[in-house]
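As a basis for the values below, the full set of heavy atoms in this structure was taken, side chains included, without hydrogen atoms, waters or symmetry mates. All values derive from a computational prediction rather than experimental measurement. Proteins get letters first, then strands, A, B, ... in listed order; numbering begins at 1 in each.
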Amino acid sequence: MHHGATSKLYCVRHCLRLRGDERQVMRYERHQMLRIRSMTCQIISYNLSGRNVVGQGKRDESKVWRGVSIPLSDLPTFPGSPNNHHNSPTSHFSTNIHIPTTVGFLLQTSYQTSLLPPLLFSSSSNLESPSYCNPDTTKAKESRNRTHLCAFVAKLSCALLSYLARMTLLSDIISASAHLHSSNHLPSDEYDRRIRELVEYFRRLQTTKALESFANDESFLDRFDPAIDSIPFLFVLRVQIQKVQELNADLYPADIRPSGKLWTRAAHFLTSFDGVQVRYAGREWRLLVELVGQASQAASTPLLGATLVKDAMLRLDPSCAVFTSTHLLLVRLCLQAKAYSCALPVLNKRICHFPISLGRPSSEPSVLCADHGSSVSFMTEASEVSSKISYRDYLQYFLYGGMVYMALKEWRKALHFLGIVISMPSTSSVSLIMVEAYKKWVLVGLLEKGKLCPPPSMTTPHVVKVYQSLARPYIILAHTFERGDLKKLNAEIDAAMGVWSADKNLGLVAQVVAVFFSQTVIKLGKTFAALTMADLPKQVSLCAEVTGPAVSSLIMSRALNATLVQTKDHAESSMLRFSSIHSLPRLSHELDLQSQLKQEMKLMETLVINLGETNNNLGLSDEYVDTLHKGQVWSGSSEVNPTGGETGLEMDEDLMGDMS
Amino acid sequence: MELPPLTMEQLSQLVASNAPPSQLFEALSRYELQACLISTGSNGPNAGGDDSTLLSMFYSSFFLVHLLTDQVSEARALTKRIPEALLQYDPSLQNCLTLLRAVWQTQHAQVYQVLRGLPWPDALQPLVRRYESFFQDKTLIAVSRSYEAIRLATAAIHLGLDEQLAEKEDPNIISNFTKCGWSWDSESKLLHPKPIMVSPTEPQSSNGIRKAMAMLGTRTC
């Protein structure tokens, strides 16, 4: 179709080049067109509601015109006319270009339109007595009109050219994409080559700005299904977004914000793209995901962004085992949206890797589309699926992740996340993020275990000292809690109220007070086998009316492993039995354990797979090869052990042994 | 699959369906995005005056489904995502807040009172009834594990049964418990619960528990 259109383009251009002939134009005007008997060629007819135009051609003396279709948005606005042809109330518009047998031209509209000044155009039926040929018109006005007409035709000519070039490109893109579809059955290395070629092709188009010709073409993306044609869809969507951003002062204009046209496109893409194809366009995918997240924040609807980002992450890498910058974006969005469980599908996955650079620069790139045991094989540094990750990003992710678990009152998991932050290796200075995490660690430790939890054993001693110095009020609070004196605890809390408030830990501190009772009762269980409910208030400094229901609630929520034995008489106190003789709860406990063991087993399986991958990558690293080489040299000179790798390891042990 | 637009009809149909709680939760989670757009006024020109009714119905349903899937913390987080103006003045959402408070503080009697006594919209009734049943199931399991011996009246309070009849040792109430495997000591006037076990992988929707609760029968006395 486009080849035919191209030949027509040359025809039109040839005719329109004649526009500069002032003499003929003047002559044409002077004779009020009465003598002009041109071949009329209706080349364009389009309407505002439709997407494309049906061009109709009439037979010329020398050429056959078949017509072209041009979207309305591609047509230039006539100078001086209102620049609103996209929103014009005119429902139908058609233009005829009359090509005289000599030279000159006339643009004519057969319908009223806001696109072209009515002064210049009239209906076909009025050709012989056009309304614009007002005898009172001044020469200056005529000249201006002529200039405008010429400019318009020039623009129209460019639009035709541009349109036909676009059609050619579209055709190329469709065939390139179809070529990839037919490659599904091919071996992975061949499929890999074809996707790489396709992505390269699009990157070239992006570099040469050829894709920009689709920047305003809303119908372009309708031609592609993001689930099948993920690459073309993604690249053109990115170009359209960039164009909209360029045209607006706002970085997140309405089209990009939730429920905007491009937002809808992006949402459609992120929930249905082909995960294998997108492995090859990691950078573009990431930029889109980041944009969606930021736009939702700008529109104060982070929930929308969080949901899309989560779906996109799980679609690209269901294991989420490689830490990326998108992890941080997701958790931040979830916290802002207060949609904590939205982060769980990602937070609950174990992170085992950072994006790495695979092999040496000269080595062959891996086959990204193949089935890999671990996602680290395709979530590489080169794929740019993550932006540069800093130490700070890593700390923030685990701190925010801990905060999500805190919001859901999953204290054990929160402690695990905070433990990762506070035990981060540090040589000299300590990050404030680590200090903040330590403060929360102290409070969460009280909530989960009822005591001040020491930092993980791998925490550097000098870092622990920094924590103790900067989080002093928290440590004092924890010691008071451990001593079991409610009055002193309240006094400590009141004394440092400004600290909790400034650190935004007031909510956690309030919960520490609430949990004081349950922790005290749990501790009593370590001393007593049973207590009457009448004795309990004395032990926990609470009134009897509150103690009974509170204990019952603790047991029923399974926070306290005990049972209650009521008596017939209301006046007689119930018994709280810590060491329960109830056999079935124990059995139930075993079932819980069994379930936990199953979960742990699944986790171990995941870890083993990722460990194998890490081992493999370490084995291919430069550092390992250098060490291996040194080991071989050493072993060769001593002629002790011919197996280089193991010798290297033994050498270290021997050296350590000598030193000790 | 394209999600149908969020409308009262669609929502009522979903709420009235007998779909498992997890499916309801999944469906309403997807609708929350549309609700979010409606509440921010980004839902296009069709957003009209009925939006607050629709949003109230949606958020109330979603809240109850959170409780139905035993996600109390997340239900609390949901109340913070509901537009403030709607939350403050909508009676249905105010009921939800009262219910949340009672559930959060494990005040069983208060929970039944809110579910049975407060005026809930007709469209929400199926979910309210389902949650009442769920809460009763859950409490029965908890009581069976927490007490070695329990007075009939205390058990009745926990399970939302008639306390007055329980005080009078109504045989119907006693038989409801004995059918669950609990034993009744007429001398000591105490029930001795038989702990109910639920596999952690199987939520409380297991047939065994359902059958047990069906025996209770007289939920609203």
Quiz item: Which is it for B:Leu37 and A:Thr301 under the side chain to side chain contact (heavy atoms under 4.5 Å, CB included) test, yes or no, and what are the steps along the way?
Solution: CA-CA 8 Å; B:Leu37 286 174; A:Thr301 50; 5.5 Å; no

Quiz item: Between A:Ser553 and B:Gln105, is a side chain to side chain contact (heavy atoms under 4.5 Å, CB included) present by the stated rule, with each step listed?
Solution: CA-CA 8 Å; A:Ser553 172; B:Gln105 295 170 355; over 6 Å; no

Exercise. Mind listing the closest non-hydrogen atom pair of B:Ser73 and A:Ala407 along with its distance?
Key: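 What the structure gives for the nearest pair is CB-O, 4.1 Å.
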
Which portion of [X] sits near chain A, non-hydrogen atoms under 4.5 angstrom:
{"X": "B:Gln107", "result": "neither"}
{"X": "B:Thr139", "result": "both"}
{"X": "B:His192", "result": "neither"}
{"X": "B:Leu190", "result": "side chain"}

Within this structure, what is the [atom1]-[atom2] distance for the pair [X] and [Y], rounded to the nearest 0.5 Å?
{"X": "A:Ser259", "Y": "B:Ile38", "atom1": "OG", "atom2": "CD1", "result": "11.0 Å"}
{"X": "B:Glu32", "Y": "A:Leu303", "atom1": "CD", "atom2": "CG", "result": "4.5 Å"}
{"X": "A:Met556", "Y": "B:Tyr147", "atom1": "CE", "atom2": "OH", "result": "6.5 Å"}
{"X": "B:Lys80", "Y": "A:Tyr340", "atom1": "NZ", "atom2": "OH", "result": "7.0 Å"}
{"X": "A:Arg558", "Y": "B:Ile141", "atom1": "CZ", "atom2": "CD1", "result": "9.5 Å"}

Quiz item: Would a distance-only check, ignoring hydrogens and angles, find a side-chain to backbone donor-acceptor pair under 3.5 Å from B:Glu74 to A:Ser341?
Solution: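 Judged by distance alone, yes, a pair lies under 3.5 Å.
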
Quiz item: Most heavy-atom pairs under 4.5 angstrom with chain A, which of B:Val143, B:Leu78, B:Thr154?
Solution: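 The residue among B:Val143, B:Leu78, B:Thr154 with the greatest pair count is B:Thr154.
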
Quiz item: Are B:Arg151 and A:Thr567 close enough, and set up right, to give a side chain to side chain contact (heavy atoms under 4.5 Å, CB included), and what steps lead you there?
Solution: CA-CA 7 Å; B:Arg151 284 188 287 270; A:Thr567 53; 4.1 Å; yes

Practice problem: Give, as side chain, backbone, both or neither, the part of A:Ala339 having an atom under 4.5 angstrom from any heavy atom of chain B. | Solution: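 For A:Ala339, heavy atoms of backbone and side chain both lie under 4.5 Å from chain B.
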
Exercise. Quick one: which of A:Lys338, A:Glu410, A:His268, A:Lys409 has the most heavy-atom pairs under 4.5 Å with chain B, could you say?
Key: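 Top count of heavy-atom pairs under 4.5 Å with chain B: A:Lys338.
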
